[in-house]
Amino acid sequence: QVQLVESGGGLVQAGGSLRLSCAASGRTLSNYVMGWFRQAPGKEREFVAAISWSGGTPFYADSVKGRFTISRDSAKNTLDLQMNSLKPEDTAVYYCGARAWDFSRYARGWSYWGQGTQVTVSS
């Protein structure tokens with residue numbers, strides 16, 4: 001089992017920044033891909049960014065490329081998402097997820113989820 005707890009959401013004006021953090025615990029994460037997804041009201045959960053826990057090139061959705069940066073700290077067992085130049089369309093509940101072995105941009109293929117943290121961007 002992997003336990004994930006997100007923090008860092010809030011209300012910010014368009015153009016502002018927020019940093020989300022996900023604390024991971026449980027089994028070893030060395031064979032996992034960690035990621036962030038988001039879900040707006042009435043919409044499906046969509047991929048935002050992901051990175052292998054062991055390192056390597058991160059993956060980003062086109063809509064956030066150049067604005068968001070995903071990183072992990074293996075010593076602290078945390079996964080972060082730095083979000084800059086935020087837009088109202090970034091408003092959603094953001095979820096931290098974990099998936100064994102390989103990357104997928106489809107939420108249904110991910111095994112573990114946190115409880116989510118709300119991000120609201122005002123115009």
Side-chain angles (χ1 to χ4, degrees):
Q1 291 290 329
V2 176
Q3 290 80 42
L4 304 170
V5 179
E6 304 96 335
S7 61
L11 173 64
V12 65
Q13 288 189 332
S17 298
L18 278 175
R19 188 175 185 89
L20 306 183
S21 188
C22 172
S25 61
R27 65 195 311 168
T28 180
L29 299 172
S30 58
N31 296 325
Y32 279 78
V33 175
M34 306 295 293
W36 289 95
F37 285 70
R38 65 189 182 187
Q39 189 166 15
K43 294 189 176 181
E44 293 187 353
R45 193 169 296 190
E46 67 171 2
F47 167 71
V48 175
I51 189 168
S52 172
W53 192 256
S54 59
T57 303
F59 303 90
Y60 294 99
D62 288 343
S63 59
V64 306
K65 206 170 290 184
R67 299 188 298 123
F68 291 10
T69 302
I70 189 171
S71 61
R72 90 276 184 266
D73 186 328
S74 55
K76 296 180 180 179
N77 265 16
T78 56
L79 178 76
D80 290 345
L81 185 69
Q82 177 65 41
M83 305 185 296
N84 299 328
S85 302
L86 282 161
K87 305 174 181 180
E89 51 264 43
D90 294 318
T91 295
V93 177
Y94 282 70
Y95 295 91
C96 174
R99 171 185 165 90
W101 299 114
D102 60 348
F103 166 70
S104 171
R105 63 179 61 246
Y106 300 105
R108 63 179 177 270
W110 290 64
S111 304
Y112 301 101
W113 296 101
Q115 82 287 352
T117 186
Q118 177 70 47
V119 171
T120 303
V121 185
S122 62
S123 57

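The model shown is predicted, which means the values in this text are computed figures rather than measured ones. As a basis for the values below, the full set of heavy atoms in this structure was taken, side chains included, without hydrogen atoms, waters or symmetry mates.
Remark: side-chain polar atoms of E6 are paired, donor with acceptor, to backbone N or O of G116 under 3.5 angstrom.
Follow the hydrophobic side-chain contacts under 4.5 Å out from V12 and you reach Y94 in the same cluster. F68 and V33 fall into different hydrophobic clusters, where Ile, Leu, Val, Met, Phe, Trp and Tyr are joined by side-chain heavy atoms under 4.5 Å apart, directly or via other members. In this structure, F47 is not a member of the same hydrophobic cluster as L4, with clusters built from ILVMFWY side-chain heavy atoms closer than 4.5 Å. Two different hydrophobic clusters hold Y95 and V121 under the rule that ILVMFWY side chains link at heavy-atom gaps under 4.5 Å. Linking ILVMFWY residues whenever their side-chain heavy atoms come closer than 4.5 Å, directly or via other members, places M83 and V64 in the same cluster.
Put simply, OG on S123 and NZ on K87 are 14.0 Å apart, with the number rounded to the nearest 0.5 Å. For the atom pair D90 CG and L18 CG, the distance stands at 10.0 Å (nearest 0.5 Å). Distance check: L11 CG to T120 OG1 gives 6.0 Å after rounding to the nearest 0.5 Å. A distance of 7.5 Å separates CZ of R72 from OG of S52, quoted to the nearest 0.5 Å. Once rounded to the nearest 0.5 Å, the distance linking OG1 of T69 with CZ of R19 reads 8.5 Å. Remark: R38 CZ to T91 OG1 distance equals 9.0 Å, nearest 0.5 Å.
Ring pair W110/F37: centre-to-centre distance below 6.0 Å.
Cation-pi geometry between R45 and W113 is met: the NZ or CZ atom falls under 6.0 Å from the ring centre, inside 45° of the normal.
Nearest heavy atoms, A100 versus Y32: N-CD2, 3.6 Å. Of all heavy-atom pairs spanning P58 and I70, the tightest one is CB-CG2, 3.6 Å. In plain terms, the two heavy atoms of A24 and L29 that are nearest each other are CB-CD1, 3.5 Å. Considering all non-hydrogen atoms of both residues, D80 and S21 come closest at OD1-OG, 2.9 Å. Contact detail for A92 and Q118: the closest heavy-atom pair is O-NE2, 3.5 Å.
A 6.0 Å sphere centred on CD of Q115 holds more than 12 heavy atoms belonging to other residues, nucleotides or ligands. Atom NZ of K65 has more than 12 neighbouring heavy atoms from other residues, nucleotides or ligands inside a 6.0 Å radius.
For the 3.5 Å distance criterion, the side chains of Q82 and N84 qualify, holding a donor opposite an acceptor.
Counting heavy atoms from C-beta on, the side chains of W53 and N77 come closer than 4.5 Å.
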